[in-house]
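The structure's right below; bear with me while I get my questions together.
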Amino acid sequence: PKSLLRHPQSVSSLDEFATAGFQTVIVDQAKNAGRSADRIVLCSGKIYFDLDKRRRALDREELPIIRIEQLYPFPEQALKTALSRYAPQARLVWVQEEPENMGAWWYLNQKFTKMFGDCRLSVVARQEAASPATGSATRHREQQEQLLERAFKPCPVEQADSTETG
């Protein structure tokens with residue numbers, strides 16, 4: 001997206017660009033994220049920058065955010081390696097800007113079920129819609145704010161396998 005062209009966090013050094021290569025999964029470098037995390041936020045694309053900004057504003061540095069930068073072919077081993085840093089019972093929350101019936105949610109839900117069996121993945125997304133955008137900048141900002149709020153809202157344990165849409 002054009003909004004990230006000059007974003008200070010979406011840059012790489014020349015050395016990284018020349019030698020590091022493309023990363024299919026990017027593990028967030030939050031200060032206190034570790035094995036004690038009971039929730040792991042997963043995302044792809046520009047929503048990461050909004051999530052990171054909100055996490056810092058809420059002082060939730062213990063909450064890891066993992067970016068899946070390649071959806072196909074799915075980087076299963078890289079993701080398993082990234083998730084191994086955290087508690088195995090941690091809830092996985094997929095956050096996407098698109099409505100729930102669009103974007104990567106349905107594809108990832110299938111992949112995670114194959115990877116983990118009885119999957120512990122839930123989703124935070126806009127309500128299902130016929131269009132990927134509202135057509136109103138004001139409504140988009142309202143929905144984005146609600147989405148970020150729900151991404152960090154604690155959920156009761158008994159709802160860990162349900163979706164968080166709305």
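Along the sequence shown, the residues carry numbers beginning at 1.
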ask   = Closest heavy-atom contact between A37 and A90?
value = O-CB, 3.4 Å

ask   = Counting N and O atoms only, with roles assigned by atom type, does the side chain of N101 sit under 3.5 Å from a partner on the main chain of A129, one being a donor and the other an acceptor?
value = yes

request  = Using a 4.5 Å cut-off on heavy atoms from C-beta on, say whether the side chain of R56 contacts that of E61.
outcome  = yes

inquiry  = Within this structure, what is the CD1-CG distance for the pair I65 and L51, rounded to the nearest 0.5 Å?
reply    = 5.0 Å

query = Heavy atoms, side chains only, cut-off 4.5 Å: are R91 and D38 in contact?
reply = no

query = Does any N or O in the side chain of R141 come within less than 3.5 Å of the main-chain N or O of S136, such that one atom is a donor and the other an acceptor?
reply = no

Would you tabulate the side-chain donor-acceptor contacts of residues 17-24 under 3.5 Å, counting partners in other chains and residues two or more places apart, or write 'none'?
{"residue": "T19", "atom": "OG1", "partner": "D15", "partner atom": "O", "Å": "2.7"}

key: Separation of L148 CG from R55 CZ (nearest 0.5 Å)   = 12.5 Å

inquiry  = So, using side-chain contact (heavy atoms from CB on, under 4.5 Å) as the criterion, who are the partners of Q77 when residues are at least two apart?
reply    = K80, T81

ask   = R126 side chain to E97 main-chain N or O, any donor-acceptor pair under 3.5 Å?
value = yes

ask   = Side chains of F74 and L79: closer than 4.5 Å at any heavy-atom pair?
value = yes

request  = Identify the heavy atoms of P73 and Q70 that sit nearest to each other, and give their distance.
outcome  = O-NE2, 2.7 Å

task = With the side chain counted from C-beta on, respond yes when V41 and V124 share a heavy-atom pair under 4.5 Å apart, and no when they do not.
result = no

ask   = Between E145 and R54, is there a salt bridge with N-O shorter than 4.0 Å?
value = yes

remark   = When every non-hydrogen atom of R39 is compared with those of A151, the smallest separation belongs to NH2-O, 3.2 Å

task = Run the numbers on W94 and N109 for side-chain contact (heavy atoms from CB on, under 4.5 Å), then give the verdict.
result = CA-CA 9 Å; W94 173 255; N109 194 26; over 6 Å; no

request  = Can you sort out the partners of Q110 under side-chain contact (heavy atoms from CB on, under 4.5 Å), two or more places apart, ordered by chain and number?
outcome  = none

inquiry  = Using a 3.5 Å distance criterion without hydrogens, assess whether the side chain of Y107 forms a donor-acceptor pair with backbone atoms of L71.
reply    = yes

ask   = Do I26 and Y72 share a hydrophobic cluster (ILVMFWY, side-chain heavy atoms under 4.5 Å, transitive)?
value = no

ask   = Taking all non-hydrogen atoms of both residues, which atom of S131 and which atom of P99 are closest, and how far apart?
value = O-CG, 3.7 Å

Verify same cluster id: I47, F49 (apolar side-chain graph, 4.5 Å) = yes

remark   = Rounded to the nearest 0.5 angstrom, the CE-CG distance for M115 and L108 is 10.0 Å

query = Below 4.5 Å, heavy atoms only, C-beta onward: do L42 and F112 meet side chain to side chain?
reply = yes

inquiry  = Side chains of R67 and S44: any donor to acceptor distance under 3.5 Å?
reply    = no

Validation row: E149, K153 side chains within 4.5 angstrom (heavy atoms) = no

message = Do I40 and I66 have side chains that approach each other closer than 4.5 Å (heavy atoms only, starting at C-beta)?
response = yes

key: Donor-acceptor pair, side chain of Q96 and main chain of W105, under 3.5 angstrom   = yes

ask   = Which atoms form the tightest heavy-atom contact between Y86 and D28, and what is the distance?
value = OH-O, 4.4 Å

query = Side-chain heavy atoms under 4.5 angstrom apart, residues restricted to Ile, Leu, Val, Met, Phe, Trp, Tyr: same cluster for L147 and M102?
reply = no

key: side-chain contact (heavy atoms from CB on, under 4.5 Å) between W106 and E100, intermediate numbers included   = CA-CA 8 Å; W106 293 106; E100 185 179 344; 4.1 Å; yes

query = Rounded to the nearest 0.5 Å, how far apart are CD of Q127 and CD of Q146?
reply = 8.5 Å

message = Using side-chain contact (heavy atoms from CB on, under 4.5 Å), reason through V27 and R85 one step at a time and then give a plain yes or no.
response = CA-CA 10 Å; V27 179; R85 299 175 179 210; 3.4 Å; yes

task = Check whether any side-chain heavy atom of F116 sits under 4.5 Å from a side-chain heavy atom of L83, and report yes or no.
result = yes

